[in-house]
Structures are given as C-alpha cells and as structure tokens.
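Here the structure is laid out as structure tokens; the discussion comes afterwards.
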Amino acid sequence: MKHSLLSLALAFSSLNFYAQDKKIAEDCFQKADYKCAEEQYSKLAQTEKIQKLQSEYYNNLGTAQRRLGKTTSAFKSYESALKANPMSAAVYANLGSIHGQKGNKQAAITYLNQGLQLEPENADMYLTRAKVYENLGKKDLAAKDLNQILTFAPDNIYARTGLANLKKNSGDLEGALKDYNQLISEKPESLLYSGRGDVYFKLKKNKEALADVNKAIAIDPKFAQAHVNKALILFETAKPKEACASLDKAVSLGYEKPLLLEQYAKCEIKK
C-alpha cells in the first residue's frame with residue numbers, strides 16, 4: 001500500500017514538474033524571449049513520452065527558432081513534430097509557411113494541401129496558401145482561397161484585407177484604398193491602419209502613410225508589421241536612424257529578422 005502511495009505521489013510530482021516547465025516555456029514565448037522559449041521547449045520535446053504532446057513542443061520549438069533566425073533548426077524541429085504526430089494540422093501549416101518564405105513554393109502548397117485535408121476550415125492555412133499563390137503569380141487562385149475563408153468566416157479581417165492587398169499588389173492602388181477606407185469605417189483596427197498606410201506609401205503620400213502607421217502602433221504597440229511599415233516610410237523620408245530603430249522594435253516583437261535583410265543593409269550603410 002505504501003509503495004502504491006509513493007508511486008502515485010511521484011507520478012503527481014512528475015506531472016507538476018512538467019506543467020511548471022510548460023508554463024515557463026509559454027511565459028517565455030508570450031514575453032517574446034525566444035531564446036528562453038527555445039531552451040524550455042527543447043527540454044520538453046526531448047523528455048515527453050506522449051507523442052501528441054511531443055509534437056506540440058517540437059512545433060513550438062520550431063517557431064521559437066524561426067523567430068531567432070535559426071531557419072535550419074526550425075525545419076528540423078517542424079519535421080520532428082510531424083514525425084511525432086502526422087495528423088497535426090498546425091505542423092503542416094508551419095511547414096507550408098516556412099517553405100513558402102524560403103522559396104520552395106511547391107513544397108509549401110503540398111504541406112498546406114495536406115493540412116487543409118485535416119482542417120478544411122483553417123483560415124490561417126488558406127491565408128498562407130493564398131500568399132504562396134500570389135507569389136507564383138496565380139492571383140485568381142489566391143483570390144479563390146481568400147473568398148473561401150469568407151464562406152465560413154465572413155468577418156475574417158485577414159481575408160478581407162488580403163483581397164484589398166491583391167488589388168494593391170496588382171497596381172490598383174485606388175481600388176485598394178477604397179477597400180481599406182470601407183474596412184476602417186466598419187472597424188478601425190491596427191491591422192487596417194497599417195495596411196492603408198502601406199497603400200498611401202505606394203501612392204507616395206508619405207505624410208498620410210506615417211499618420212496611419214502611427215495610429216496602428218497607438219492602437220496596438222506590439223503589432224510588428226506596423227513598425228516595419230513605419231521603417232520603410234522613414235527610410236524614404238531620409239530618417240535612417242529612426243527607421244533602423246523601428247526595424248529593431250519589429251524584430252523584438254517577433255518579426256523574423258531574416259525577412260528584413262534588405263532593410264537592415266541600409267542600416268549597415270549608415271554606420
């Protein structure tokens with residue numbers, strides 16, 4: 001009886017230990033301390049015996065590594081996550097996203113297609129696939145994916161802004177501006193002001209562009225894309241010091257630094 005009670009006590013102690021480690025990892029990630037998150041999720045992934053949980057930890061580990069610019073390590077972590085749980089839509093989403101960013105568009109689409117078979121109403125995967133299609137010049141397929149989201153999530157702001165951005169990237173800046181004005185009139189959010197700021201920037205209306213990204217940051221100071229957009233405007237208006245500070249802020253908030261190499265090159269030139 002004593003042996004049974006001791007075993008039970010040890011089991012509860014072990015569960016509490018893992019729960020604490022998971023909480024530490026989650027807190028690190030929440031605070032954008034990705035080095036800490038990487039260390040904690042690595043420990044969790046290597047010691048976890050339940051494959052579904054192990055997959056979750058490897059997946060989070062990959063994302064922390066991705067934020068740190070460790071792309072090769074992130075690939076390996078995502079692949080370990082998929083091996084531990086081949087039925088994880090979240091892992092397929094991340095593999096699709098990272099392949100898309102690294103230029104392997106076909107691999108990205110393959111992973112995203114597999115993920116969508118598991119979760120046919122996963123808006124994030126449709127958004128990622130739409131971006132890949134757009135980069136491939138298949139704007140009709142990109143629009144189809146964005147409109148598909150609206151069939152099951154009609155108020156999805158990312159799908160609606162995605163459609164506006166398709167117009168913007170196709171050169172229909174006035175059409176994109178009209179769409180953003182409509183969206184902002186319905187619900188003034190950080191994402192929308194940042195997006196409209198980018199349209200103004202492309203229209204060479206830097207004053208209006210800067211006003212919009214500042215509104216976006218005022219609404220949500222942790223919105224990394226708004227800080228990137230602000231940096232682009234500041235570079236254009238010959239304020240490189242402030243622009244580089246905005247880039248640093250975006251990276252501190254989780255924006256992947258490898259995606260900003262072209263912009264950071266301007267910071268190096270000014271040193």
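These numbers come from a predicted model, not from an experiment.
- Put simply, Leu177 and Leu191 are part of the same group of oily side chains (I, L, V, M, F, W, Y) that touch within less than 4.5 Å, one to the next.
- Remark: Lys257 qualifies as a cation-pi partner of Tyr264 under the 6.0 Å distance and 45° angle criteria applied to the six-membered ring.
- Of all the heavy atoms in Lys105 and Gly100, the pair that sits closest is NZ-O, 2.8 Å.
- Using modelled atom types, one finds no donor on one side chain facing an acceptor on the other under 3.5 Å when comparing Gln117 with Asn113.
- Contact check for Tyr92 versus Leu118: side-chain heavy atoms found under the 4.5 Å cut-off.
- Not less than 6.0 angstrom separates the ring centroid of Tyr58 from the ring centroid of Tyr78.
- Using a 4.5 Å cut-off on side-chain heavy atoms (C-beta onward), Val91 and Asn85 make no contact.
- Within 6.0 Å of atom CZ in Phe75, more than 12 heavy atoms from other residues, nucleotides or ligands are found, so the atom counts as buried in its surroundings.
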Exercise. Going through the distances and angles, do Arg196 and Asn181 end up as a side chain to side chain contact (heavy atoms under 4.5 Å, CB included)?
Worked result: CA-CA 8 Å; Arg196 190 175 70 177; Asn181 287 340; 3.0 Å; yes
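- Taking 4.0 Å as the cut-off between side-chain N and carboxylate O, Lys144 and Asp140 do not count as a salt-bridged pair.
- Using a 4.5 Å heavy-atom cutoff, the side chains of Asn214 and Lys230 are in contact.
- Of all non-hydrogen atoms in Phe235 and Cys244, the two that sit nearest each other are CZ-SG, 4.0 Å.
- Within a 6.0 Å sphere centred on NZ of Lys138, other residues, nucleotides and ligands contribute 12 heavy atoms or fewer.
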For this session: Determine, stepwise, if the pair Gln182 / Glu186 fulfils side chain to side chain donor-acceptor pair (under 3.5 Å).
Result: CA-CA 6 Å; Gln182 177 62 37; Glu186 294 174 16; 2.9 Å; yes
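- Pairing each heavy atom of Leu183 with each of Arg160, the nearest pair is CD2-CZ, 3.2 Å.
- Looking at heavy atoms from C-beta onward, Tyr126 lies out of side-chain contact with Leu112 at the 4.5 angstrom threshold.
- Looking only at side-chain heavy atoms (C-beta outward), Tyr180 and Asn165 come within less than 4.5 Å of each other.
- Linking Ile, Leu, Val, Met, Phe, Trp and Tyr whenever their side-chain heavy atoms come within less than 4.5 Å leaves Ile184 and Leu210 in two separate clusters.
- Between Ala37 and Cys28, the shortest heavy-atom contact is N-CB, 3.6 Å.
- Note: the hydrophobic cluster containing Leu253 does not contain Ile219 (ILVMFWY, side chain heavy atoms under 4.5 Å, direct or indirect links).
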Exercise. Are Gln65 and Ser77 close enough, and set up right, to give a side chain to side chain donor-acceptor pair (under 3.5 Å), and what steps lead you there?
Worked result: CA-CA 9 Å; Gln65 290 167 331; Ser77 294; 2.7 Å; yes
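- Inter-residue side-chain proximity for Tyr34 and Thr63 is flagged as unmet; no heavy-atom pair is nearer than 4.5 Å.
- Between Phe29 and Asn60, the shortest heavy-atom contact is CE1-O, 4.1 Å.
- In this structure, the separation between CD on Gln51 and CE on Met87 is 13.5 Å, given to the nearest 0.5 Å.
- In this structure, Arg66 and Ser97 have side chains that are in contact, with non-hydrogen atoms separated by less than 4.5 Å.
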Exercise. Given the rule in the side chain to side chain contact (heavy atoms under 4.5 Å, CB included) test, do Cys36 and Gln40 qualify, once you have shown the distances and angles that lead to the verdict?
Worked result: CA-CA 6 Å; Cys36 169; Gln40 294 301 319; 4.2 Å; yes
Exercise. Can you list the steps and then say if Asp27 with Lys31 is a salt bridge (Lys or Arg N to Asp or Glu O under 4.0 Å)?
Worked result: CA-CA 6 Å; Asp27 286 346; Lys31 294 173 184 176; 5.5 Å; no
Exercise. Phe201 and Leu232: side chain to side chain contact (heavy atoms under 4.5 Å, CB included), yes or no, with the steps?
Worked result: CA-CA 9 Å; Phe201 177 64; Leu232 297 177; 4.2 Å; yes
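- Taken from NZ in Lys70 to CG in Leu61, the straight-line distance is 9.5 Å, to the nearest 0.5 Å.
- Distance CD1/Ile233 to OG/Ser246: 9.5 Å, rounded to 0.5 Å.
- Counting only N and O atoms by type, the side chains of Gln46 and Ser42 include a donor and acceptor under 3.5 Å apart.
- Distance check: Thr151 OG1 to Glu121 CD gives 7.0 Å after rounding to the nearest 0.5 Å.
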Problem set entry | Asn206 vs Thr237, side chain to side chain donor-acceptor pair (under 3.5 Å): CA-CA, chis, key distance, verdict | CA-CA 8 Å; Asn206 292 327; Thr237 53; over 6 Å; no
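- Judged by a 6.0 Å distance limit and a 45° cone about the ring axis, Lys205 is not positioned over the six-membered ring of Tyr200.
- A side-chain donor-acceptor contact under 3.5 Å links Asn147 to the backbone of Ala143.
- The OH atom of Tyr133 sits 5.5 Å away from the CG atom of Leu141 when rounded to the nearest 0.5 Å.
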Problem set entry | Full working for side chain to side chain donor-acceptor pair (under 3.5 Å) between Asn169 and Glu134 | CA-CA 9 Å; Asn169 295 334; Glu134 184 182 0; 2.7 Å; yes
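- At distances below 3.5 Å, at least one donor-acceptor pair connects side-chain atoms of Thr128 with backbone N or O atoms of Asp124.
- Using a distance-only test at 3.5 Å, with no hydrogens or angles considered, no donor-acceptor pair links the side chain of Asn104 to the main chain of His99.
- Here Tyr255 and His227 keep their ring centres 6.0 angstrom or further from each other.
- The pair Glu38-Lys35 counts as a salt bridge, with a side-chain nitrogen and a carboxylate oxygen less than 4.0 angstrom apart.
- Atom CD1 of Ile50 is surrounded by 12 or fewer heavy atoms from other residues, nucleotides or ligands within 6.0 Å.
- Remark: Glu256 does not engage Arg67 in a salt bridge, criterion side-chain N to carboxylate O under 4.0 Å.
- Looking at Glu174 and Lys168, no side-chain N of the basic residue comes within less than 4.0 Å of a carboxylate O on the acidic one, giving no salt bridge.
- Both Met125 and Leu150 belong to a single network of hydrophobic side chains, linked directly or stepwise wherever heavy atoms of I, L, V, M, F, W or Y lie under 4.5 Å apart.
- Using a cut-off of 4.0 Å between Lys/Arg side-chain N and Asp/Glu carboxylate O, Lys22 and Glu56 are scored as salt-bridged.
- Here Asp172 contributes atom CG and Leu166 contributes atom CG; the two are 11.0 Å apart, rounded to the nearest 0.5 Å.
- Using a 4.0 Å cut-off between charged nitrogen and carboxylate oxygen, Glu79 and Lys76 do not count as a salt-bridge pair.
- Looking only at side-chain heavy atoms (C-beta outward), Ile217 and Asp220 stay at 4.5 Å or farther from each other.
- When the side chains of ILVMFWY residues are joined at heavy-atom separations under 4.5 Å, either directly or via intervening members, Leu82 and Leu53 end up in two distinct hydrophobic clusters.
- Taking all atoms of both residues into account, the shortest heavy-atom contact from Ala226 to Ser194 is CA-OG, 3.5 Å.
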